[in-house]
Amino acid sequence: MVLAHIATHPGAATRQVARAVGASERVVARNLDRLTDDGLLVLVMGGEPPVSGRTRLAS
């Protein structure tokens with residue numbers, strides 16, 4: 001569910017994903033870390049203001 005949400009809402013913050021999938025931020029953060037480690041997501045850096053902790057699907 002986390003991966004599907006990021007696919008349709010790239011750059012969504014952990015809190016936004018947690019609300020959307022009905023899970024705690026801690027659980028979503030662990031899922032995002034695992035999906036990033038597995039190469040399915042990449043961390044989005046930069047922006048105005050600087051964006052941290054946001055992800056999108058890997059290319």
- Closest heavy-atom pair, V28 versus A23, reported as atoms and distance to 0.1 Å, is CG2-CB, 4.0 Å
- Query: Is any side-chain heavy atom of L3 closer than 4.5 Å to a side-chain heavy atom of L57?
  - Reply: yes
- Test item: L41 and L32 side chains (from C-beta on) under 4.5 Å apart, heavy atoms: yes
- Query: Which residues pass the side-chain hydrogen bond (donor to acceptor under 3.5 Å, both in side chains) test with R56, sequence neighbours left out?
  - Reply: none
- Message: Are M1 and V17 linked, directly or through intermediate hydrophobic residues, by side-chain heavy-atom contacts shorter than 4.5 Å (ILVMFWY only)?
- Response: yes
- Under the criterion side chain to side chain contact (heavy atoms under 4.5 Å, CB included), which of I6, L40, T55 is the partner of L35? L40
- Item | Set of residues satisfying salt bridge (Lys or Arg N to Asp or Glu O under 4.0 Å) with respect to R15, sequence neighbours excluded | E25
- Query: For the residue pair A58 and G39, what are the closest heavy atoms and their distance?
  - Reply: CB-O, 3.2 Å
